[in-house]
Amino acid sequence: QVQLVESGGGSVQAGGALRLSCQVSGYTYSTYSFAWFRQAPGKEREGVAALDSERSVSEAASIQGRFTISRDSAKNTLNLEMHSLKPEDTAVYYCAAVPKLLPPWRALKDGEYIYWGQGTQVTVSS
């Protein structure tokens, strides 16, 4: 029913930029939260950024000032614009959604989300 499909991953040099997109289909809820997560080899899944239907935005402290989350209602996509990429940003990036609002202390926890994309690989070389 609900489907999320990421695209835009690839390889980039350190200091470069990359834009990820998550195509959303079968999702008609007016109250919702969306988020981007990532998982690097040997590490746990980490929340990157989140936004909800009341315009609340949450960001991981480690990426403040470098990543921007947004939603394009016309194209029905969730986007993540990444700048000043570092090798430690290398990971599989996932988009996720849940049809409810989340307080800030829960917005970047993967257990809160029930719909997930398949992931897209981002590799940053030094």
Side-chain angles (χ1 to χ4, degrees):
Q1 186 71 16
V2 175
Q3 188 171 35
L4 308 176
V5 180
E6 302 94 335
S7 63
S11 298
V12 65
Q13 296 284 342
L18 204 60
R19 296 174 181 83
L20 306 182
S21 181
C22 174
Q23 186 70 50
V24 181
S25 64
Y27 203 91
T28 61
Y29 306 102
S30 59
T31 299
Y32 57 80
S33 295
F34 289 108
W36 285 95
F37 292 83
R38 66 184 182 184
Q39 187 165 29
K43 296 185 178 180
E44 296 184 347
R45 186 130 64 184
E46 173 190 25
V48 175
L51 64 77
D52 65 26
S53 51
E54 294 194 348
R55 301 183 180 180
S56 293
V57 175
S58 298
E59 293 182 342
S62 62
I63 57 88
Q64 286 185 354
R66 298 193 300 125
F67 296 179
T68 301
I69 188 171
S70 64
R71 188 185 183 196
D72 187 334
S73 59
K75 294 182 176 294
N76 203 28
T77 59
L78 178 74
N79 302 303
L80 184 70
E81 185 173 1
M82 306 183 291
H83 299 276
S84 302
L85 285 163
K86 305 174 180 180
E88 51 263 44
D89 294 319
T90 295
V92 176
Y93 283 71
Y94 302 87
C95 60
V98 65
K100 65 179 181 180
L101 299 177
L102 297 169
W105 57 93
R106 291 164 54 186
L108 296 180
K109 294 186 178 298
D110 56 3
E112 299 290 346
Y113 295 84
I114 62 173
Y115 301 115
W116 291 83
Q118 82 289 346
T120 186
Q121 175 71 232
V122 171
T123 302
V124 184
S125 59
S126 60

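None of the values given here were measured: they were computed from a predicted structure. Worth knowing before you read on, the calculation uses all heavy atoms, side chains too, and leaves out hydrogens, waters and symmetry mates.
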Enquirer: If you take all heavy atoms of Ala50 and Ala35, which pair is closest and at what distance?
Expert: CB-CB, 3.7 Å

Enquirer: Calculate, to the nearest 0.5 Å, the distance between atoms CZ and OG belonging to Arg66 and Ser84 respectively.
Expert: 7.0 Å

Enquirer: Would you call Asn79 and Ile69 a side-chain contact if the rule is heavy atoms closer than 4.5 Å?
Expert: no

Enquirer: Once rounded to the nearest 0.5 Å, what's the spacing between atom CZ of Arg71 and atom OG of Ser53?
Expert: 8.5 Å

Enquirer: Once the angle between the rings of Tyr94 and Trp116 is folded into 0 to 90°, is it parallel (under 30°), tilted (30 to 60°) or perpendicular (over 60°)?
Expert: perpendicular

Enquirer: If you look only at pairs with a residue in residues 72-86, which of them pass as a salt bridge (charged side-chain N to carboxylate O under 4.0 Å, His left out), with sequence neighbours excluded?
Expert: Arg19-Glu81

Enquirer: Is it possible for you to say whether Tyr29 and Leu102 belong to one hydrophobic cluster, with membership spreading through side-chain heavy-atom contacts below 4.5 Å?
Expert: yes

Enquirer: Nearest 0.5 Å, please: how far is OG1 in Thr90 from CG in Leu85?
Expert: 8.5 Å

Enquirer: Are any of the side-chain heavy atoms of Cys95 and Leu20 separated by less than 4.5 Å?
Expert: no

Enquirer: Nearest 0.5 Å, please: how far is OG1 in Thr68 from CD in Glu59?
Expert: 6.5 Å

Enquirer: Any side-chain heavy atom of Gln23 sitting closer than 4.5 Å to one from Asn76?
Expert: yes

Enquirer: For residues Val98 and Glu112, report the shortest heavy-atom separation together with the two atoms involved.
Expert: CG2-O, 3.4 Å

Enquirer: Quick check for you: to the nearest 0.5 Å, what is the distance between Ser56 atom OG and Leu101 atom CG?
Expert: 7.5 Å

Enquirer: Kindly indicate, with the supporting measurements, whether the criterion side chain to side chain contact (heavy atoms under 4.5 Å, CB included) is fulfilled by Leu4 and Tyr27.
Expert: CA-CA 9 Å; Leu4 308 176; Tyr27 203 91; 5.6 Å; no

Enquirer: Between Val48 and Phe37, is there a side-chain heavy-atom distance shorter than 4.5 Å?
Expert: no

Enquirer: Over 60° means perpendicular and under 30° means parallel, so classify the ring planes of Phe34 and Tyr32, tilted if in between.
Expert: tilted

Enquirer: May I ask you to check whether Tyr115 and Tyr113 place their ring centers less than 6.0 Å from one another?
Expert: no

Enquirer: May I ask you to say whether Asp89 pairs ionically with Arg38, meaning some side-chain N is under 4.0 Å from a carboxylate O?
Expert: yes

Enquirer: Given Glu6 and Trp36, is the side chain to side chain contact (heavy atoms under 4.5 Å, CB included) satisfied, shown in steps?
Expert: CA-CA 10 Å; Glu6 302 94 335; Trp36 285 95; 3.8 Å; yes

Enquirer: A side-chain contact here means heavy atoms from C-beta on lying under 4.5 Å apart; do Thr123 and Val12 qualify?
Expert: no

Enquirer: Quick check for you: to the nearest 0.5 Å, what is the distance between Ser11 atom OG and Gln121 atom CD?
Expert: 7.5 Å

Enquirer: Counting C-beta onward and ignoring hydrogens, is there a side-chain heavy-atom pair between Ser62 and Glu46 closer than 4.5 Å?
Expert: yes

Enquirer: Using side-chain heavy atoms (C-beta onward) and a distance below 4.5 Å, is Ile114 in contact with Val2?
Expert: no

Enquirer: Indicate, with yes or no, if Tyr93 and Val57 share a hydrophobic cluster defined by side-chain heavy-atom contacts under 4.5 Å among Ile, Leu, Val, Met, Phe, Trp and Tyr.
Expert: yes

Enquirer: Which atoms form the tightest heavy-atom contact between Ser126 and Ala14, and what is the distance?
Expert: CA-CB, 4.2 Å

Enquirer: Given side chains that start at C-beta, do those of Leu18 and Val122 come closer than 4.5 Å, heavy atoms only?
Expert: yes

